[in-house]
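Values reported hereafter were calculated over all heavy atoms of this structure, with side chains retained and with hydrogens, waters and symmetry mates removed. All chains are named by letter (A, B, ...) in the order of the sequence lines, taking the proteins before the strands, and each is independently numbered beginning at 1.
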Amino acid sequence: MIKRKRLKAEGDRSVNMESILERLDELQDTLGQLDRKVDLIVESKKMSNNKINQVLDSPLDVVTLLSLPDNLRKTAMALSRLQEAAAADVARETHRERAVESAYLNQLVTMGYVLKERKGRIAYFTIKE
Amino acid sequence: MRILGKILAVHSFKGGTGKTLISTNLAATCASQGKNICLLDLDFRAPSLYVLFKESRSKFWLNDFISGKCEIDDAITDVTKKYGTVGKLFAGLANPSTGAIQEMLIGSRKGEMTALRRLLSLSKTLLEKRGFDYVILDTSPGLQYSSMNAVVASDVTLIVSVNDEMDIDGTRRMVRNFYEAFEKKSFILVNKILCDSEYTPAEKVRLLSRFEKTSEVPLLGIMPLYCDVLRSDRSTIFALEKPDHPFTKIIGTFAKHL
């Protein structure tokens with residue numbers, strides 16, 4: 001009787017072990033899938049950072065200026081001459097509206113070519129060195 | 001035809017068209033006419049103004065100015081007395097040493113950005129503060145960084161071309177793809193035309209209008225090929241040595257357009 005109980009207990013333990021091992025296998029598979037997904041996310045983030053870095057690492061030299069759309073090139077050229085300027089100063093150079101130059105300057109900031117610094121109420125822009 | 005602008009770049013598509021000869025003689029002629037002129041050698045790959053002005057060179061080269069090591073005042077020298085011009089004549093020289101040329105060849109893009117900004121500041125420093133009437137930039141041919149920077153920094157460009165299909169075609173493409181992007185005014189001077197006695201007036205008119213039409217750039221004029229100019233000692237300025245020569249008279253006409 002005792003032996004039968006012991007055997008049954010051993011059997012039960014064995015079934016439990018198998019079940020645990022199965023669960024562990026499933027867990028391992030799931031972890032493996034998660035691992036692969038994390039790799040994919042990291043890769044895609046690297047690629048998008050590289051693209052941003054390409055822009056950030058490209059100085060505003062004549063080749064970069066040539067690659068800009070005409071409207072932004074005109075703004076960038078005016079700022080290159082002025083060195084540090086507010087949108088109104090650039091607008092005087094380009095003979096375009098202040099609001100238009102403000103938008104273009106902010107685009108150049110987003111692209112990483114220009115820095116923006118507020119001095120009081122006025123935002124001043126400089127070419128990023 | 002009047003050229004508007006104070007900073008004049010003398011450029012070409014191909015090398016050997018006579019840019020340095022034209023820019024030097026134009027600068028000297030303008031100074032003889034009473035204008036205050038600053039001539040800068042921006043051909044860092046093949047510096048040549050050094051030959052003319054080496055005895056009077058300043059402590060710093062234009063290479064030093066371009067890289068931010070000195071201000072423009074430190075890199076230009078007064079040669080007015082040497083040449084006896086009525087107006088002031090100053091010259092800025094490119095370093096002719098092999099090391100300096102190599103350094104300019106392998107320059108970084110950040111360095112080129114600095115160079116462009118330094119050239120853009122010339123208007124303020126040389127024209128407004130120093131009171132020069134004109135700054136003449138002698139450039140490298142083609143679309144190299146130094147020549148592109150010079151053209152972008154100028155108010156107007158004088159393209160020196162020769163009567164050669166490759167040069168005309170290259171000039172047209174250069175103007176379309178580069179000059180127009182920066183809205184640069186340009187004029188073309190056709191140099192080294194075979195002695196004009198070989199052309200009848202009608203042939204000359206046909207040649208000029210063909211040139212203007214093909215290059216799509218307004219024509220400033222033509223300069224015939226004078227053997228004695230080619231044979232002359234390049235350590236002197238021809239227009240000052242031979243003021244009555246036809247070459248000098250034509251240069252004088254171009255100077256008046258400024």
Side-chain angles (χ1 to χ4, degrees), chain A residues 49-97 100-101 104-105 107-117 124-129, chain B residues 5-7 9 11 42 44 66-68 71-72 104-129 135 137 139-140 142-155 157 173-185:
Chain A
N49 277 350
N50 278 344
K51 276 191 184 160
I52 291 169
N53 285 341
Q54 269 171 21
V55 168
L56 290 177
D57 290 345
S58 288
L60 199 56
D61 63 3
V62 68
V63 169
T64 306
L65 283 167
L66 205 49
S67 70
L68 291 175
D70 292 346
N71 58 331
L72 293 183
R73 186 186 310 118
K74 197 168 180 174
T75 300
M77 280 295 304
L79 186 59
S80 293
R81 284 187 197 276
L82 295 168
Q83 304 204 0
E84 185 188 55
D89 303 319
V90 175
R92 267 194 292 278
E93 284 280 311
T94 61
H95 306 292
R96 296 193 289 210
E97 293 295 320
V100 166
E101 287 304 339
Y104 292 159
L105 285 162
Q107 268 188 57
L108 289 168
V109 171
T110 306
M111 292 168 83
Y113 295 125
V114 166
L115 297 172
K116 182 178 177 176
E117 189 192 340
Y124 286 89
F125 298 86
T126 50
I127 302 287
K128 189 175 179 185
E129 296 284 347
Chain B
K6 299 282 192 170
I7 300 184
H11 189 217
L42 296 186
F44 296 108
I66 286 291
S67 62
E71 294 310 314
I72 189 64
M104 294 305 276
L105 282 172
I106 58 171
S108 67
R109 287 190 69 181
K110 274 190 183 164
E112 296 299 344
M113 184 180 82
T114 303
L116 175 60
R117 293 182 68 190
R118 301 286 281 170
L119 289 175
L120 287 170
S121 73
L122 287 179
S123 183
K124 209 168 199 148
T125 48
L126 291 180
L127 298 178
E128 287 177 35
K129 285 185 184 165
V135 177
L137 310 177
T139 72
S140 311
L143 294 179
Q144 305 172 33
Y145 261 113
S146 62
S147 50
M148 289 196 289
N149 285 344
V151 170
V152 168
S154 69
D155 296 308
T157 302
R173 283 186 282 110
M174 186 172 72
V175 168
R176 266 193 201 159
N177 299 330
F178 179 67
Y179 282 48
E180 285 178 6
F182 289 94
E183 300 175 341
K184 287 292 155 186
K185 278 181 235 164

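One finds the OG1 atom of B/T114 at 6.0 Å from the CD atom of A/E129 (value rounded to the nearest 0.5 Å).
Nearest heavy atoms, B/R117 versus A/I127: NH1-CB, 3.8 Å.
Residues B/E112 and A/P59 have side chains not in contact (no heavy-atom distance under 4.5 Å, counting atoms from C-beta outward). With contacts defined as side-chain heavy-atom distances shorter than 4.5 Å, the pair A/V63/B/M148 qualifies.
For A/L82, no part sits under 4.5 Å from any heavy atom of chain B, backbone or side chain. Residue contact with chain A, scored on non-hydrogen atoms closer than 4.5 Å, involves the backbone of B/A153 exclusively.
If you run side-chain contact (heavy atoms from CB on, under 4.5 Å) between B/M113 and each of A/L65, A/V62, A/D61, A/T64, only A/D61 comes through.
A salt bridge does not link B/E183 to A/R73: none of the charged side-chain nitrogens sits closer than 4.0 Å to a carboxylate oxygen.
At most 12 heavy atoms of other shown residues, nucleotides or ligands fall within 6.0 angstrom of atom CD in A/E97.
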Does the pair A/M77 and B/L120 meet the rule for a side chain to side chain contact (heavy atoms under 4.5 Å, CB included), with working shown? CA-CA 9 Å; A/M77 280 295 304; B/L120 287 170; 4.1 Å; yes
